[in-house]
Amino acid sequence: MTNNALQYDVVIAGAGLAGASIALALTKLKNASGQPLSIALIEAFELNHQLPKNYDARVIALSHGSAQYLQTLGAWSSLKSEAMAINDIHVSDKGHYGKARLQASDYDVSALGYVCEIQAIGNSLLTPLHGMDNVDILAPESIANINWQRDLVEVALKSGKSIEAKLLLGCDGGHSLCRAQANIDVHESDYQQVAIIANVSTQIPHKGRAFERFSDSGPVALLPMTDNRSSLVWTVKQDEVDAIMGLDDQGFAKALQNYFGDWLGTFTQVGKRFAYDLKLVQAHQSTHHRMALLGNASHTLHPIAGQGFNLGMRDVQVLAEILSQALKQGDDIGSYRVLRQYAEQRQGDHQQTITLTNSLVHLFSNQYLPLVVGRGIGLKVLNYVPALKSLLAQKTMGHTK
């Protein structure tokens with residue numbers, strides 16, 4: 001160990017939602033000496049928690065399972081009042097007869113999921129961390145270099161400080177430095193699509209209903225928000241995005257109406273618009289020597305089924321459980337054996353979720369007539385076969401077992 005290095009049990013790269021979640025989960029654990037785990041949380045940006053609310057706030061759809069886990073972490077109590085429950089989900093195929101509806105009341109749950117502003121989720125996770133003696137939040141701070149040793153990981157920071165820990169957790173997003181420095185290759189697939197994101201208001205109140213409306217260009221999703229806003233995720237082809245983004249608000253609302261239909265009446269307000277290229281990025285491995293990748297550092301998904309964040313939350317939950325068990329057994333939390341359990345337990349869920357997402361993208365962005373007919377029939381069958389509908393609902397709610 002280096003004499004001037006700061007010593008921790010765990011170093012977490014990235015204080016976004018995955019990093020803050022795993023940090024909060026690990027604060028409940030104790031090391032071999034019976035002391036709470038010492039944790040360093042490194043974030044490149046200033047953590048300004050209490051930003052004022054605004055119409056254009058970005059949101060995430062939490063599955064029922066993710067909301068339950070946030071409750072376990074103690075974060076849900078401060079978040080619940082700001083979350084909009086998804087009471088039912090309406091799925092349709094533009095220009096075709098197939099439709100399906102999932103309703104929370106059919107599955108004995110209060111909501112299929114919740115739509116929450118990202119800032120509010122971050123506040124609920126980071127606020128308790130600031131008051132903990134065993135957590136050091138280093139922000140703004142960045143990693144300059146990582147040096148993997150047999151019994152520890154050395155992390156050199158751009159400020160000149162040095163950190164050593166038994167375990168490094170890469171929660172630093174889709175362009176993960178941790179992943180890159182470990183030379184972990186990724187599989188990347190360009191969907192040739194762009195997601196246009198905006199908040200909108202509608203003539204008819206959404207009443208907690210989410211919509212997934214498929215078209216040949218891609219899906220249009222509306223997620224219910226507070227104040228009768230809805231979060232729009234409109235997937236279009238790359239050669240369409242410039243024309244759509246170039247429209248004024250009135251023109252954009254009309255174009256959206258043409259794609260989405262009249263399910264919620266007219267669009268009365270359109271907020272600031274953002275456009276993001278859509279790619280699947282999947283790390284070839286989720287672990288390295290004394291390191292694990294979580295969330296977008298391990299997988300970045302198409303938003304078609306709203307699975308990306310919730311898949312990352314399941315990463316957090318599984319890793320926290322594995323590390324808890326390892327500590328109870330006196331194991332080294334950064335050992336190969338412990339991290340292999342994480343890799344093996346997450347592999348199936350990762351692959352199933354990515355396969356589901358890819359299948360939906362290709363099925364509902366295809367004009368090949370047999371597929372168009374087949375998906376219409378499939379939606380109709382799905383709506384009237386309880387066993388099939390239940391499988392989809394359980395996946396939507398984040399229940400994988």
A.B. asks: Could you work out, with side chain to side chain donor-acceptor pair (under 3.5 Å) as the rule, every residue matching D133, not counting sequence neighbours?
C.D. replies: none
A.B. asks: Just list the side-chain donor-acceptor pairs under 3.5 Å for residues 140-147, sequence neighbours left out, or say none.
C.D. replies:
unit_1: E141; atom_1: OE1; unit_2: S159; atom_2: N; d: 3.3
unit_1: E141; atom_1: OE2; unit_2: S159; atom_2: OG; d: 2.5
unit_1: N147; atom_1: OD1; unit_2: Q149; atom_2: NE2; d: 3.4
unit_1: N147; atom_1: ND2; unit_2: E154; atom_2: OE1; d: 2.9

A.B. asks: Could you list the donor-acceptor pairs under 3.5 angstrom formed by side chains in residues 110-118, with sequence neighbours left out?
C.D. replies:
unit_1: S110; atom_1: OG; unit_2: Y114; atom_2: OH; d: 3.3
unit_1: E117; atom_1: OE2; unit_2: R229; atom_2: NH2; d: 3.0

A.B. asks: If you compare all heavy atoms of S230 against all heavy atoms of H206, which two are closest, and at what distance to 0.1 Å?
C.D. replies: OG-CD2, 3.7 Å
A.B. asks: So does I39 get a backbone contact from the side chain of D136, meaning a donor-acceptor N/O pair under 3.5 Å?
C.D. replies: no
A.B. asks: So with a 6.0 Å cut-off around CD of Q250, is the heavy-atom count from everything else above 12?
C.D. replies: no
A.B. asks: What I'd like to find out is whether the side chain of I196 reaches to under 4.5 Å of the side chain of V236, using heavy atoms alone.
C.D. replies: yes
A.B. asks: Quick one: does I244's side chain get under 4.5 Å of V241's, heavy atoms only?
C.D. replies: no
A.B. asks: Using a 3.5 Å cut-off and no angle test, enumerate the donor-acceptor pairs between side-chain atoms of residues 167-175 and protein atoms at least two apart in sequence or in another chain.
C.D. replies:
unit_1: D172; atom_1: OD1; unit_2: S176; atom_2: OG; d: 2.6
unit_1: D172; atom_1: OD2; unit_2: S176; atom_2: OG; d: 3.3
unit_1: D172; atom_1: OD2; unit_2: L177; atom_2: N; d: 3.0
unit_1: D172; atom_1: OD2; unit_2: C178; atom_2: N; d: 3.1

A.B. asks: Holding to salt bridge (charged side-chain N to carboxylate O under 4.0 Å, His left out), I want the full list of residues that pass it with R337, two or more places apart in sequence or in another chain.
C.D. replies: D331
A.B. asks: Verify the distance criterion only: is there a donor paired with an acceptor across the side chains of D262 and Q257 at less than 3.5 Å?
C.D. replies: yes
A.B. asks: If you take all heavy atoms of A320 and Y69, which pair is closest and at what distance?
C.D. replies: CB-OH, 3.8 Å
A.B. asks: Check the pair D315, H299 against side-chain hydrogen bond (donor to acceptor under 3.5 Å, both in side chains), reporting the backbone distance first and the verdict last.
C.D. replies: CA-CA 11 Å; D315 291 346; H299 42 73; 2.7 Å; yes
A.B. asks: Strictly distance-based, threshold 3.5 Å: is any side-chain N or O of N87 a donor or acceptor partner for the main-chain N or O of R209?
C.D. replies: no
A.B. asks: Ignoring hydrogens and angles, tell me if any N or O in the side chain of S66 forms a donor-acceptor pair with the backbone of L62 under 3.5 Å.
C.D. replies: no
A.B. asks: Check whether T202 reaches the backbone of I204 with its side chain - one donor and one acceptor, N or O, closer than 3.5 Å.
C.D. replies: yes
A.B. asks: Can you give me every donor-acceptor pair (side chain of residues 11-29, partner residue at least two apart or in another chain, under 3.5 Å) with its distance?
C.D. replies:
unit_1: S21; atom_1: OG; unit_2: L17; atom_2: O; d: 2.6
unit_1: T27; atom_1: OG1; unit_2: L24; atom_2: O; d: 2.6

A.B. asks: What residues form a side chain to side chain donor-acceptor pair (under 3.5 Å) with Y336, not counting sequence neighbours?
C.D. replies: none
A.B. asks: For a salt bridge (charged side-chain N to carboxylate O under 4.0 Å, His left out) check, start with the C-alpha distance between D249 and R273, then their side-chain angles and the critical distance, and finish with the verdict.
C.D. replies: CA-CA 10 Å; D249 286 353; R273 286 167 259 161; 2.9 Å; yes
A.B. asks: When you look at Y191 and T235, which way does the side-chain hydrogen bond (donor to acceptor under 3.5 Å, both in side chains) test go after all the steps?
C.D. replies: CA-CA 10 Å; Y191 289 113; T235 304; over 6 Å; no
A.B. asks: Once salt bridge (charged side-chain N to carboxylate O under 4.0 Å, His left out) is applied, do any residues pair with R290, and if so which ones, sequence neighbours excluded?
C.D. replies: D332
A.B. asks: Output all residues satisfying side chain to side chain contact (heavy atoms under 4.5 Å, CB included) with A243, sequence neighbours left out; order by chain, then residue number.
C.D. replies: none
A.B. asks: Picking from N199, V220, I197, what satisfies side chain to side chain contact (heavy atoms under 4.5 Å, CB included) with L232?
C.D. replies: V220
A.B. asks: Would you tabulate the side-chain donor-acceptor contacts of residues 30-37 under 3.5 Å, counting partners in other chains and residues two or more places apart, or write 'none'?
C.D. replies:
unit_1: N31; atom_1: OD1; unit_2: S33; atom_2: N; d: 3.0
unit_1: N31; atom_1: OD1; unit_2: G34; atom_2: N; d: 3.3
unit_1: N31; atom_1: OD1; unit_2: Q35; atom_2: N; d: 3.1
unit_1: N31; atom_1: ND2; unit_2: D9; atom_2: OD2; d: 3.4

A.B. asks: For residues V194 and L278, determine if any side-chain heavy atom of one lies less than 4.5 Å from a side-chain heavy atom of the other.
C.D. replies: no
A.B. asks: For S286, what residues pass the side chain to side chain contact (heavy atoms under 4.5 Å, CB included) criterion, not counting sequence neighbours?
C.D. replies: S298, Y342, A343
A.B. asks: With H187, which residues qualify under side chain to side chain contact (heavy atoms under 4.5 Å, CB included), at least two apart?
C.D. replies: S189, L280, H284
A.B. asks: Parallel, tilted or perpendicular for H90 and F211, by the 30°/60° rule?
C.D. replies: tilted
A.B. asks: So, for L138 and I163, which heavy atoms are closest and what is the spacing to 0.1 Å?
C.D. replies: CD1-CD1, 3.6 Å
A.B. asks: Looking only at heavy atoms, what is the nearest atom pair of S38 and Q7, with distance?
C.D. replies: OG-O, 4.2 Å
